[in-house]
Protein chains: 2
Amino acid sequence: MVKPTLQDVANAVGVSRSTVSNAYSRPDQLSAALRAKILDAARRLGYPGPDPTARSLRRGYVGAIGVLFTSELSYAFTDPFAVRFLAGVGQVAERHSTSLLLVPLPGDRDRARAAVDNAAVDGFCVYCVGDEEHVLDAIRGRGLPLVTTAPDAAGPADSFVGIDERAAARSVAAHVAGLGHRRVALLGDTVLPDAPPGPLRLADPRDAPHPTTRGRLTGFADAFAAVGVPWSAITVVNTAGNSRAAAAAAVAPVLAGDDPPTAVLACSDVLALGVLDAAGPDSGLSVTGFDDVAEAAAAGLTTVRQPAEEKGRLAAALLLEPPADPADGHLLLPTDLVVRTSTGPVPRS
Amino acid sequence: MVKPTLQDVANAVGVSRSTVSNAYSRPDQLSAALRAKILDAARRLGYPGPDPTARSLRRGYVGAIGVLFTSELSYAFTDPFAVRFLAGVGQVAERHSTSLLLVPLPGDRDRARAAVDNAAVDGFCVYCVGDEEHVLDAIRGRGLPLVTTAPDAAGPADSFVGIDERAAARSVAAHVAGLGHRRVALLGDTVLPDAPPGPLRLADPRDAPHPTTRGRLTGFADAFAAVGVPWSAITVVNTAGNSRAAAAAAVAPVLAGDDPPTAVLACSDVLALGVLDAAGPDSGLSVTGFDDVAEAAAAGLTTVRQPAEEKGRLAAALLLEPPADPADGHLLLPTDLVVRTSTGPVPRS
DNA sequence: GGTAGCTTCTGAATCGATACAGCACTGAAT
DNA sequence: ATTCAGTGCTGTATCGATTCAGAAGCTACC
């Protein structure tokens with residue numbers, strides 16, 4: 001038994017294809033009686049209703065928005081901040097009867113492009129992009145609306161929702177500097193594309209390719225420069241992946257070295273928690289994170305809070321309810337410095 | 001400027017449409033020189049490559065699998081077990097260059113059906129279904145492959161990957177019974193469709209409509225029946241949602257009542273954690289969960305471990321690499337009873 | 001009775017691509 | 001010179017629906 005099509009239903013009832021189509025999509029275009037007759041025949045024939053693909057082709061829209069993640073798809077579910085962001089996107093999508101297409105973005109440039117080009121969606125919500133500028137170009141090339149969460153990745157036509165990464169980073173770094181810390185290390189995931197885990201030479205924080213990392217490192221640098229600590233005196237540590245374990249592994253040698261830092265500022269809470277793991281309890285090391293995920297509170301982590309779900313909700317809303325004035329497509333969210341027990345004065349040793 | 005189509009590129013180069021199509025999808029069908037010329041012209045014209053929707057229509061497949069959740073889409077991201085399951089699905093999908101379409105399933109029957117009917121996917125992976133049998137029927141009606149995680153929801157043609165819910169529940173309940181507990185309460189989310197939070201009359205555990213809940217409650221009942229505690233002596237408590245807060249709110253009155261239970265067995269870790277919240281530390285109450293999510297270990301929760309990511313990976317694999325023999329489409333995963341500190345002997349009072 | 005105004009339904013064009021049979025040409029073998 | 005097998009490319013049918021202008025039928029009013 002082959003799958004019946006709209007035409008088969010039309011034949012069975014003895015009406016035209018258009019009428020059957022109307023029975024499904026525009027009930028006001030035909031009499032209730034005929035409609036009932038058609039739906040009944042459809043049920044009898046086992047016709048499951050209009051084919052979504054064919055319908056999308058003709059209508060010109062799909063009813064799904066793509067969500068892109070720089071790294072593997074599984075990362076989307078590994079970082080608690082990402083999960084909450086997605087939940088926010090999902091809430092709004094749900095209201096619009098829109099699905100979420102999670103697009104795995106392979107590391108390989110060409111395959112990444114292909115993944116974007118092949119995604120059947122009405123728009124893209126890009127959670128975070130590294131130097132994947134070409135992926136954004138692919139989206140723009142398709143003429144699809146795009147909302148990003150990294151300010152300087154946003155082109156003129158793109159929407160944006162996010163925080164002032166640099167200012168937020170400055171606030172937490174200023175707190176650490178204010179406690180007297182001068183020997184500090186910064187910790188980021190994939191600070192430079194192919195760098196191994198561990199300490200890294202980075203001539204200038206603005207050289208970091210990943211916009212979010214760049215913004216945060218630059219903000220950290222700002223605050224320390226303000227108290228006389230030059231960039232060159234700051235250790236930058238790279239991790240292989242945004243995970244607790246990766247962070248612990250990358251930072252352990254640094255903590256064990258000569259002249260270890262008295263404070264470590266991480267680019268995400270997950271990394272910061274890894275630093276706490278590596279340092280062990282009561283080490284006296286000051287550690288800060290970023291995002292304020294649920295685990296941060298339990299661990300007493302000093303961090304910067306940004307509204308995760310709200311960010312997701314707004315991103316989806318920008319896509320699904322585009323503002324009349326494109327100028328309203330750029331949203332800057334507030335952040336809060338949350339001081340907990342993971343930061344304190346420099347221990348005298 | 002309108003978006004160019006394949007035809008426009010063909011015209012520009014002076015070849016047929018098919019040749020341009022081949023340049024993209026079957027490079028071996030034309031000379032490298034011509035292919036280069038075509039791709040070059042495409043770039044010049046701003047042609048973004050074949051339209052995914054049109055391609056899907058013609059090819060007959062989409063390159064995406066649907067993931068269905070009974071409750072709201074945001075739930076998918078709220079339950080840690082669901083998140084890990086999804087991560088597993090994502091890993092396998094990634095290997096197959098396949099996207100994940102998360103389909104929000106509205107509570108309303110008709111809209112739920114519509115959501116399924118409109119999803120452009122090659123198959124469905126149903127994380128958990130309540131009494132949503134009609135949704136499964138809709139999927140089958142479309143002739144799409146289906147993998148479920150609830151054994152008795154699986155039709156003959158469906159694949160299945162999951163655990164023996166009843167036996168697993170029996171094992172943890174036997175542990176609690178072995179500790180001497182005889183006054184017990186069971187806690188589940190939406191045990192009956194429209195029941196309010198709090199204690200509930202349920203004549204028989206097998207009356208619970210949700211297959212997973214049904215399996216677990218029945219297993220609990222088995223173990224207590226074996227030590228002489230009849231079903232009628234067991235309190236069943238309903239929650240409004242699978243969250244810590246909902247569980248705490250639903251169970252608090254029960255714990256505060258006359259003749260409170262000495263043990264509470266929950267149908268998920270999240271609920272169990274809520275019970276611990278409600279009971280407070282050192283209450284002497286024994287509490288068990290289900291799934292062994294990350295937070296369970298930290299809270300010392302006695303629970304049943306099941307392999308979350310592996311479950312997701314297998315589910316996706318059944319969809320994307322269907323076994324030659326349909327009999328291999330039913331996978332039963334192992335579970336482990338994990339005894340921690342949240343269970344202990346009955347306190348003498 | 002004629003025309004205006006509705007509602008209900010039809011037919012052809014269209015969305016943007018892919019599959020497949022078949023044609024034209026090339027070079028080698030007979 | 002003729003057949004043959006292989007490349008490389010073209011043309012047409014097709015995927016399964018939606019859209020829209022317009023025809024047909026029916027009521028209603030002057």
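Every chain is numbered from 1, with letters handed out A, B, ... down the list of sequences. Keep in mind it's a predicted model, so treat the numbers as computed, not measured.
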Between dA17(D) (P) and Asp117(B) (CG): distance, integer Å: 12 Å

Between Arg26(A) and dT19(D), is there a side-chain N or O to OP1/OP2 distance below 4.0 Å? yes

Between CG of Leu34(A) and C1' of dT10(C) the distance, given in whole Å, is 12 Å

With a 4.0 Å cutoff (strictly under), does any side-chain N or O of Thr19(A) reach OP1 or OP2 of dT10(C)? yes

Whether Ser31(B) contacts dC9(D) is assessed here as follows: a side-chain N or O lying under 4.0 Å from the phosphate OP1 or OP2. Is that the case? yes

What is the distance, to the nearest angstrom, from the CZ atom on Arg59(B) to the P atom on dA19(C)? 6 Å

Does a side-chain heavy-atom distance below 4.5 Å link Val9(A) with Asn11(A)? no

Think Thr5(A) has a side-chain N or O under 4.0 angstrom from the OP1 or OP2 of dG16(D)? no

Between dA17(D), dT18(D), dT12(D), spot the one nearest the side chain of Ser18(B), thanks. dT12(D)

Is the phosphate of dA17(C) approached by Tyr47(B) (side-chain N or O, under 4.0 Å from OP1 or OP2)? yes

Distance in angstrom units between Gln7(B) CD and dC15(C) P, rounded: 11 Å

Does a salt bridge link Arg113(B) with Asp117(B), judged by any charged N lying under 4.0 Å from a carboxylate O? yes

Look at the aromatic rings of His330(B) and Phe160(B) and report parallel, tilted or perpendicular, splitting at 30° and 60°. tilted

Close side-chain approach of Leu136(B) and Val126(B), heavy atoms under 4.5 Å: yes

Is there a side-chain polar atom (N or O) of Ser21(B) under 4.0 Å from OP1 or OP2 of dT18(C)? yes

Nearest-angstrom distance from the residue atom CG of Asn22(B) to P of dT7(D): 16 Å

Round to a whole Å and report the spacing from OH of Tyr24(B) to P of dG16(C). 15 Å

Do Phe81(A) and Lys311(A) come close enough that some side-chain heavy atom pair is under 4.5 Å? yes

Whole-Å gap separating P (dG8(D)) and NZ (Lys37(B)): 15 Å

Nearest whole angstrom, please: distance from the C1' of dT14(D) to the CZ of Arg17(B). 11 Å

Strictly below 4.0 Å: does Ser25(B) bring a side-chain N or O up to OP1 or OP2 of dT18(C)? yes

Heavy atoms under 4.0 Å, any strand shown: does Leu57(B) hit a base, just sugar-phosphate, or nothing? base

Side-chain N or O of Arg55(B) less than 4.0 angstrom from OP1 or OP2 on dT18(C)? yes

